[in-house]
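Each chain gets a letter, A, B and so on, in the order the sequences are listed, and its residues count up from 1.
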Number of protein chains: 2
Amino acid sequence: MQHQLLLDGIAKYVSLSADEQQEIISRFHYKKVKKKQFLLETGDVSNRSLFVISGCLRSYAVDKNGTEHVLQFAPTGWWITDMRSYLTGEPARLSIDAIEETEVLYVSKADFEELNAHISKFEHFNRVLAQKALATYQHRQIDNTILAAMERYANFCELYPSLIRSLPQKQVASYIGVTPEFLSKMLNTTLVK
Amino acid sequence: MQHQLLLDGIAKYVSLSADEQQEIISRFHYKKVKKKQFLLETGDVSNRSLFVISGCLRSYAVDKNGTEHVLQFAPTGWWITDMRSYLTGEPARLSIDAIEETEVLYVSKADFEELNAHISKFEHFNRVLAQKALATYQHRQIDNTILAAMERYANFCELYPSLIRSLPQKQVASYIGVTPEFLSKMLNTTLVK
DNA sequence: GCAAAAAGTTAATGTAGATTAAGAGGAATT
DNA sequence: AATTCCTCTTAATCTACATTAACTTTTTGC
C-alpha cells in the first residue's frame, strides 16, 4: 500500500485508530516524478509538505553565480519542504527536485492544518518531528562552523551511509559545503591507496 | 507579573482559558541569573527549556582550540535550549549563559510533556513554534553557505536591531561566524568615514 | 550501441577570512 | 584612584578552500 510507510512512520510516535489512519490517508495525495523533475521551484509558494515513499529528493538554493547548494536530501521515509514558504506563504527560496525516479505523498497546508486540528495525536507527532528536525539543524549549524571539510564529510558518511553509495560525489560536496573539485582532491590526497 | 510575558507569547497563537493559563504557569519556575552565570554547561543534560523574561542569554559551542561559537541569542520573549540534549537526554554540546543579568522561566522536560498532553492548545502552540524555528534554521543554513561575511552581518543588523546596540562586537562576530579581528577590519574598511 | 552529457580528476593560481601579535581605550573590581 | 581585565583596532603573515581550465571516465538518452 502506498500509504503504509507514512502510517508506519507516524506509528513510531503515536498509535492511531483505524478511523484516524483513514482520515490522514484521505488528505495525502500520491505523485510519481522522474529524475530531475521539480516538486518546488524557487519563487513559487511551497504549498505542500512532501513525504518520500521511494527514491530520493533534494532541496537546494542557488547563489548569485548560479551554483546550487544542497540543504537536504530526502530518501525513503523522509519529509521535505521549504518550511518558511510553507508557513508564511512567501515565495520559496528553495527548489526541490528528484535525484532519481521518486514516489511521494503530499499534503496541502490547509489539509495539514485540519488534520492537526482534528487529530491531536497527529499534532503531537508533528510537534515531536519538528523538534527533532530543529535539533538536527542546531547541530548542523555548529558542525559547519566548527568542523573542517574532511570532518563534515566523515559526519555525512556516518549519518547517511546509504546515500554515500547512491549519490553522485558532487551532490555530497554541495551538501557539505565545498566544491566538487575540492572534495575530489581531498579524498584522493588524504586516503592511502 | 512574572508569567505575563509567557502568556502573552502563547496568546499570539492560541487563546487559553484561565484554568489552562493557571496550569501552564504552575509548571514554570522563575530564576534570576547574573552576567556570565551558566544555565547549561556542555556535558550536562539539558533538562530544561528556558524562556527569557528580561535580559539576554546565549547558547554556544566550543571548538578544539577553545574558541566559542555562538549559536543563538535569546533576548526578552525568546526560548532557548539545547534541543537534542533536551529531547534525547544525551549530554549537551551547547552551553547557555547570561550576557547580562537575566530573568528566566523554565520547565522541566517531564512537565513540558505533561502540559502538551493535557492542553492541546499548548501542543499546537509548540508545534507551530518548532516549525517556525525550523524555518529560521533552514534559511540560516542557506545564508551561511551562500552569503559573504558582510552580508551575514547586514542580515544580523536587520534581524536583531536591538542586539546590535547592546552586544559586544565580538559576540556578533562569533554569531555570524568570523573572528572579532576580521569583523573589526571589515567594518572599518568598508564603511565610509 | 553510439553520441552526448554528466561526473570525476588534476593542477595552477587566487582570495576570504584565520592567526598571531601588539598596542590603546573603556569598564569593572578593589 | 589604581589595577586589572575586557574590548576593539591595526597590520603582517598564513591557509583552507575557491576558481579556472583542460582532460578522462562514466552514465544517460535515443
How long is the line joining CD1 of A/Ile146 and C1' of C/dA18, in whole Å? 15 Å

Angle separating the five-pair end axes of the helix from C/dG1-D/dC30 to C/dT30-D/dA1, nearest 10°, is 70°

Presence of A/Gln169 side-chain N/O under 4.0 Å of C/dT9 phosphate oxygens OP1/OP2: yes

Counting side-chain heavy atoms from C-beta on, which of D/dC17, C/dA18, D/dT9 comes nearest to B/Phe182? C/dA18

What I want to find out is whether A/Arg93 reaches B/Asp143 closely enough, with some N-O distance under 4.0 Å, to be called a salt bridge. yes

Whole angstrom value for the distance that separates P of C/dA6 from CG of A/Asp97: 13 Å

Nearest-angstrom distance from the residue atom CG of B/Leu183 to P of D/dT9: 8 Å

Proximal nucleotide (of D/dT19, C/dT9, C/dT19) relative to the A/Asn188 side chain: C/dT9

Determine whether the side chains of B/Gln171 and B/Arg58 contain a donor N or O and an acceptor N or O closer than 3.5 Å. yes

Verify the distance criterion only: is there a donor paired with an acceptor across the side chains of A/Ser95 and A/Thr42 at less than 3.5 Å? yes

May I ask you to check whether A/Asn126 and B/Gln131 show a side-chain donor-acceptor distance below 3.5 Å? no

Nearest whole angstrom, please: distance from the P of D/dT19 to the CG of A/Asn65. 6 Å

Under 3.5 Å, side chain of A/Thr81 to main-chain N/O of A/Arg48, donor-acceptor pair present? yes

Does the cation-pi check pass for A/Arg140 over A/Tyr175, that is, NZ or CZ under 6.0 Å from the six-membered ring centre and within 45° of its axis? yes

Measure up the A/Tyr60 and A/Phe38 rings against each other and bin them: parallel (under 30°), tilted (30 to 60°), perpendicular (over 60°). tilted

Minimum heavy-atom separation for A/Asp111 to A/Arg27, with atom names? OD1-NH1, 2.8 Å

Nucleotide C/dA27, atom C1' - distance to CD of B/Glu100 in whole Å: 16 Å

When A/Pro168 and B/Thr179 are each assigned the nearest nucleotide of DNA chain C, the 5'-most assignment goes to A/Pro168

When you get a sec, tell me which of D/dC6, D/dC8, C/dT10 is the closest nucleotide to the side chain of B/Lys170? D/dC8

Could you check which of D/dC17, C/dA6, D/dC8 has an atom nearest any side-chain atom of B/Ser184? D/dC8

Rounding to a whole Å, what distance do you find between B/Lys185:NZ and D/dA11:C1'? 8 Å

Is there any protein nitrogen or oxygen under 3.5 Å from a nitrogen or oxygen in nucleotides 22-30 of chain D, and what are the pairs?
from	atom 1	to	atom 2	distance (Å)
D/dT28	OP1	A/Lys35	NZ	3.2

In whole Å, what is the span from the CE atom of A/Met186 to the C1' atom of C/dG8? 14 Å

What's the separation between atom CD1 in B/Ile142 and atom CG in A/Leu71, rounded to the nearest 0.5 Å? 4.5 Å

Starting at CG of B/Leu167 and ending at P of D/dC6, how long is that distance when rounded to a whole Å? 17 Å

